[in-house]
Amino acid sequence: MVCRVKSAIFPVAGLGTRFLPVTKSIPKEMISLVDRPLIQHAVEEALAAGIERIVFVTAPGKVTLEAHFQASPELENTLAARGNGAALEVLRATTLPRGAVACVSQPRPLGLGHAVLCARELAGDGPVAVLLPDDVIEAATPCIGQMVEAHAECGGTVLATMRLPRTQISSYGVIDPSDTPAGAEDGRLVAVRGLVEKPAAQDAPSDLAVIGRYILAPSIFGHLARQRPGAGGEIQLTDAIASAAAGGEPVFGFCFEGRRFDCGSRVGFVEATVAFAMQRPEMRDRLGTFLRHEMARLETTVLAAE
Ligand code: UTP
């Protein structure tokens, strides 16, 4: 029987250089889409999938992240005294039960694989989910929940994948699909025989890119411990998963249903902000009007310049 996924690792110890200068003092994961930080989107996704234990891998000094999920009695009392029930409800929803959250520090940013390895002692014995908060996925069933369901059928390691144009593929880990059919899950599972981190477009083994949701078999930690630095001089999670696949362990790509925003890039972050804001009934009309005016203004300016 396949073991249920109970723990999730959130590697959030990166430097966030693409978001400097804001990331000088604010962790990237605390930047907010409208009013909810990226990390909250990811944690809520994991909780909705039945994950019970949250492990943050943080850089030394990133205390705001833990604080976000702790109770804040003073603020709660103030809001209660003012009768601001709506704000109180929003605030309380961010508090996670004691014992549900654990933190470990990655002393230096040696790569995503190294960050995951840092969580080894806290992750428990079973399969573990990994969520990168800068991939925000909008879906009827949360992406990691879809993957937990798929994993219950196929076991092994399951990687969220999406098809991308060759022009974009070199920024991702790319799947080398096996000829063997992967089985159930309505054709959304692809058996993986290999993986390549950030291949040149012409060398990419497919157009199936791995994005920031994983369910990893416990053997991953052994593979990570043996990894040497790969692309960019970092210990790559992709390389460790490739070692598992090369050793005959079952690895699957999973084509999830949903819309993914690349919030690790500035333009992707702005796209996500607009998309999430447009879903708020109290913002939709005004923002829609603003966007239409802004487009018209831009076109007039561009035309005038030509
Ligand atoms: P990125 O590749 O997006 O790197 O990391 P980054 O440092 O966050 O951002 P840029 O590229 O400098 O702008 C993907 C995920 O892996 C984590 C990051 O925090 C992010 O969630 N990560 C990366 C670590 O936890 N440790 C690392 O050493 C590297």
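Reckoned from all heavy atoms, side chains included, excluding hydrogens, waters and symmetry mates. Counting begins at 1 with the first residue of the sequence. As the structure lists them, so they are numbered: ligands from 1, and atoms in each ligand from 1.
Other residues sharing the hydrophobic cluster of Leu79, ordered by chain and number and joined by side-chain separations under 4.5 Å: Leu75, Leu88, Leu91.
Between the side chains of His223 and Glu249, at least one donor-acceptor pair of N or O atoms lies under 3.5 Å. Side-chain atoms of Glu66 and Gln70 form no donor-acceptor pair, as typed in the model, at a separation below 3.5 Å.
Summarising the contacts of atom 16 (O) of ligand 1 with Val12, Leu112, Leu131, the nearest heavy atom is found in Leu112. Comparing Glu29, Arg18, His114 by heavy-atom distance to atom 13 (O) of ligand 1, the nearest is Arg18.
Pro177 pairs by the side-chain contact (heavy atoms from CB on, under 4.5 Å) definition with Ile175, Val190, Ser206, not counting sequence neighbours.
Contacts between Ala115 and ligand 1 below 4.0 angstrom, taking non-hydrogen atoms only, involve the side chain exclusively. Contact annotation for Leu110 and ligand 1: only backbone heavy atoms (N, CA, C, O) come within less than 4.0 Å of the ligand. With a 4.0 Å heavy-atom cut-off, ligand 1 is reached by the side chain of Gln106 but not by its N, CA, C or O.
Note: Phe19 and Phe269 meet the aromatic proximity criterion, with ring centroids under 6.0 Å apart. Checked against the 6.0 Å centroid criterion, the rings of Phe254 and His151 do not qualify as a close aromatic pair.
Within ligand 1, the atoms closer than 4.0 Å to a non-hydrogen atom of Pro109 are 28 (O), numbered from 1 in the order shown. Near Asp134, with a cut-off below 4.0 Å to any heavy atom, the atoms of ligand 1 are 3 (O), 20 (C). In the vicinity of Gly111, heavy-atom distances shorter than 4.0 Å reach the ligand 1 atoms 26 (N), 27 (C), 28 (O), 29 (C).
Considering backbone and side-chain atoms together, Lys28 places an N or O closer than 3.5 Å to an N or O of ligand 1. Polar contact check, Gly16 against ligand 1: a nitrogen or oxygen pair lies under 3.5 Å apart. For the pair Gly264 and ligand 1, the shortest N or O to N or O distance does not fall below 3.5 Å. Below 3.5 Å of separation, one finds an N or O of Gly14 facing an N or O of ligand 1. Considering backbone and side-chain atoms together, Pro11 places an N or O closer than 3.5 Å to an N or O of ligand 1.
In terms of modelled atom types and a separation under 3.5 Å, the side chain of Asp135 and the main chain of Gly212 share a donor-acceptor contact.
Ion pairing of Glu52 with Lys6 is absent here, as no side-chain N (NZ or NE/NH1/NH2) approaches a carboxylate O to less than 4.0 Å. Between Glu45 and Arg213 there is a salt bridge, with a side-chain nitrogen of the basic residue lying less than 4.0 Å from a carboxylate oxygen of the acidic one.
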